[in-house]
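Remarks on the structure that follows.
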Number of protein chains: 2
Amino acid sequence: WRIVEKNGVEMLERAYEFPDFASALLFTERVGRLAEQEKHHPSLLTEWGKVTVWWWTHKIHGLHRNDFIMAAKTDSLYQPILKDYVES
Amino acid sequence: WRIVEKNGVEMLERAYEFPDFASALLFTERVGRLAEQEKHHPSLLTEWGKVTVWWWTHKIHGLHRNDFIMAAKTDSLYQPILKDYVES
């Protein structure tokens, strides 16, 4: 994760790599479901073989402790998808 | 849809609005499934209440007739999601 500034708002950004479009989309879906559960929503750019995630706290237009927690939870969703693909 | 240039590549771009994150994510999932069916893959930016879609043909680094067809098919996925939300 790195801290970036977009439109004057500090955000956490990380890009994840995948072997194809379907696995990237699956990751987006899982991060999206996590976001709904936690009622905290990132921006997600889904591309062939790549998903970029941005976390920030809309209310304060910047970073809050919760964003770092969400970033760690996002990381935890990545390895299981890669593992499923290696095994299948 | 409008034609934009990103990194020297012409693309079709359209932003769709939604009432919340869940409906935006659902649209991303449906466009993603269409992409897999057609073996032609867009970039999709999923945000709270908004999805931006870019279509282009990777092989020719620009626009092909098929991108315009995919854009029309993407449009056809939008109204059903809004309708489901109004009715529920």
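Residue numbering restarts at 1 for every chain, and letters A, B, ... go by the order of the sequence lines.
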For residues [X] and [Y]: do they belong to one hydrophobic cluster (side chain heavy atoms under 4.5 Å, members Ile, Leu, Val, Met, Phe, Trp, Tyr)?
X     : Y     : result
B:M70 : B:I3  : yes
B:F68 : B:V31 : yes
A:V4  : A:I60 : no

(message) So which atom in B:A35 and which in A:F21 form the shortest heavy-atom distance, rounded to 0.1 Å?
(response)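 Where B:A35 meets A:F21 most closely, the heavy atoms are CB-CE2, 4.1 Å.
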(message) Please classify the contact of A:L44 with chain B as side chain, backbone, both or neither, using a heavy-atom distance under 4.5 Å.
(response) both
Once you leave out hydrogens and angles, what donor-acceptor pairs under 3.5 Å do chain A and chain B share?
from: A:L44; atom 1: N; to: B:T46; atom 2: O; distance (Å): 2.9
from: A:L44; atom 1: O; to: B:T46; atom 2: N; distance (Å): 2.7
from: A:T46; atom 1: N; to: B:L44; atom 2: O; distance (Å): 2.7
from: A:T46; atom 1: O; to: B:L44; atom 2: N; distance (Å): 2.9

